[in-house]
Amino acid sequence: MLKTVVCVSGGGTNLQAVIDGIGQGTITNVKIVRVISNNRKAYALERAKQAGIEAVCVSPKEYEERAQFQQAFLRAVEEAEPDLIVLAGFLVVIPPELIRRYENRIINIHPSLIPSFSGTGYYGLKVHEAALARGVKITGATVHFVDEGTDTGPILMQEPVPVQEGDTPEILQKRVMEKAEWVILPKCLDLIANGRVTVTDGQVHISE
Ligand code: GAR
């Protein structure tokens, strides 16, 4: 069983897709051991509780210094002794110490085809606003391993999604979630948990 910690900040629909995948058996050998949110009001915490998963909040608001928050976050992760950390809509910068300690064991879902509309400042709805402003005809989602840059780690899987006439950022976000994010994040978890993913020189290989 791949002991997995899922980090969230908001609605938690990607977390839900993973919970459902485990329940339906499309994801095997994965156990979510803890869900961590930086935001006490995140509905994702509720989703975790409803699924019987331990849900904890580590909020930067409760610490005077950023470094104290980062230490508390680190502790919350390490107490759970995870094999893998999944950032599922986690909108906080991960402490570099954690990234070094969990090299190629942290994955993130990003709502565009990286490298488009990625990096600092591109998160959530802002990504879709930028895609529409640029007038791209195809966007999508990417699952990648997390390195010390922002959205720069090895790419694991991408799924394209067409932009349609009249799309608003909200409509496009919903399509990207339904057609790409909720599909590839569960798939990637299953592949990792079943030993099919290796990373060599920054390139991800998926075995048959
Ligand atoms: C998702 O669209 C995810 O791709 C995005 O936040 C949303 C979270 O939704 N993540 C980023 O933008 C990271 N840069 P959810 O809480 O319903 O899963």
Side-chain angles (χ1 to χ4, degrees), residues 4-22 27 30 32 34-51 53 55-60 73 84-95 98-99 106-134 136 138-161 163 167-189:
T4 303
V5 162
V6 183
C7 300
V8 294
S9 297
T13 62
N14 279 286
L15 167 68
Q16 191 66 55
V18 173
I19 292 171
D20 292 347
I22 294 171
I27 302 174
V30 172
I32 304 176
R34 177 176 278 190
V35 168
I36 305 173
S37 173
N38 61 306
N39 168 13
R40 199 161 287 289
K41 294 193 182 130
Y43 186 64
L45 288 172
E46 194 52 44
R47 293 181 190 271
K49 284 180 204 152
Q50 279 171 17
I53 300 165
V56 302
C57 173
V58 183
S59 166
F73 175 71
L84 183 77
I85 302 165
V86 177
L87 309 182
F90 189 58
L91 305 181
V92 168
V93 175
I94 299 290
L98 189 72
I99 295 172
I106 310 177
I107 61 171
N108 178 48
I109 176 94
H110 184 77
S112 74
L113 295 175
I114 288 174
S116 291
F117 314 116
S118 64
T120 307
Y122 287 104
Y123 57 88
L125 211 53
K126 288 182 192 291
V127 176
H128 305 292
E129 284 165 2
L132 289 176
R134 184 62 185 86
V136 294
I138 295 176
T139 182
T142 303
V143 175
H144 64 94
F145 284 101
V146 173
D147 66 9
E148 287 185 44
T150 307
D151 303 329
T152 52
I155 291 174
L156 185 44
M157 197 173 284
Q158 295 189 297
E159 181 68 26
V161 174
V163 177
D167 272 352
T168 62
E170 290 80 6
I171 292 170
L172 185 57
Q173 178 181 52
K174 187 161 179 283
R175 189 179 312 118
V176 169
M177 283 178 156
E178 286 174 359
K179 303 279 183 218
E181 298 187 42
W182 303 343
V183 177
I184 62 175
L185 184 61
K187 246 187 216 172
C188 287
L189 253 170

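Everything numeric in this text was worked out from a predicted model, so none of it was measured. Atoms within a ligand are numbered from 1 in the order they appear, just like the ligands themselves.
Using modelled atom types, no side-chain atom of Ser37 and backbone atom of Ala42 make a donor-acceptor pair closer than 3.5 Å. Judged purely by atom type and a 3.5 angstrom limit, Arg47 uses its side chain to pair as donor or acceptor with the backbone of Gly11.
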Listing, residues 139-154 side-chain donor-acceptor contacts under 3.5 Å, not counting sequence neighbours, or none:
{"unit_1": "Thr142", "atom_1": "OG1", "unit_2": "Ser112", "atom_2": "O", "d": "2.7"}
{"unit_1": "Thr142", "atom_1": "OG1", "unit_2": "Ile114", "atom_2": "N", "d": "3.1"}
{"unit_1": "Thr142", "atom_1": "OG1", "unit_2": "Gln158", "atom_2": "NE2", "d": "2.9"}
{"unit_1": "His144", "atom_1": "NE2", "unit_2": "Asn108", "atom_2": "ND2", "d": "3.0"}
{"unit_1": "Asp147", "atom_1": "OD1", "unit_2": "Gly149", "atom_2": "N", "d": "3.0"}
{"unit_1": "Asp147", "atom_1": "OD1", "unit_2": "Thr152", "atom_2": "OG1", "d": "2.6"}
{"unit_1": "Asp147", "atom_1": "OD2", "unit_2": "Thr152", "atom_2": "OG1", "d": "3.3"}
{"unit_1": "Asp151", "atom_1": "OD2", "unit_2": "Gly119", "atom_2": "N", "d": "2.8"}

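Here the side chains of Leu84 and Leu189 are in contact, with some heavy-atom distance below 4.5 Å. Side-chain atoms of Leu15 and Ile32, non-hydrogen and from C-beta on, do get closer than 4.5 Å to each other.
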N/O contact list for ligand 1, threshold under 3.5 Å:
{"unit_1": "ligand 1", "atom_1": "2 (O)", "unit_2": "Glu181", "atom_2": "OE1", "d": "3.1"}
{"unit_1": "ligand 1", "atom_1": "2 (O)", "unit_2": "Glu181", "atom_2": "OE2", "d": "3.0"}
{"unit_1": "ligand 1", "atom_1": "4 (O)", "unit_2": "Glu181", "atom_2": "OE1", "d": "2.8"}
{"unit_1": "ligand 1", "atom_1": "4 (O)", "unit_2": "Glu181", "atom_2": "OE2", "d": "3.4"}
{"unit_1": "ligand 1", "atom_1": "12 (O)", "unit_2": "Gly124", "atom_2": "N", "d": "2.8"}
{"unit_1": "ligand 1", "atom_1": "14 (N)", "unit_2": "His110", "atom_2": "ND1", "d": "3.2"}
{"unit_1": "ligand 1", "atom_1": "16 (O)", "unit_2": "Gly11", "atom_2": "N", "d": "3.4"}
{"unit_1": "ligand 1", "atom_1": "16 (O)", "unit_2": "Gly12", "atom_2": "N", "d": "2.7"}
{"unit_1": "ligand 1", "atom_1": "17 (O)", "unit_2": "Gly12", "atom_2": "N", "d": "3.4"}
{"unit_1": "ligand 1", "atom_1": "17 (O)", "unit_2": "Thr13", "atom_2": "N", "d": "2.8"}
{"unit_1": "ligand 1", "atom_1": "17 (O)", "unit_2": "Thr13", "atom_2": "OG1", "d": "2.6"}
{"unit_1": "ligand 1", "atom_1": "18 (O)", "unit_2": "Thr13", "atom_2": "N", "d": "3.3"}
{"unit_1": "ligand 1", "atom_1": "18 (O)", "unit_2": "Asn14", "atom_2": "N", "d": "3.0"}
{"unit_1": "ligand 1", "atom_1": "18 (O)", "unit_2": "Asn14", "atom_2": "ND2", "d": "2.9"}

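By the 6.0 Å contact criterion, CG on Leu125 is enclosed, its count of non-hydrogen atoms from other residues, nucleotides or ligands being greater than 12.
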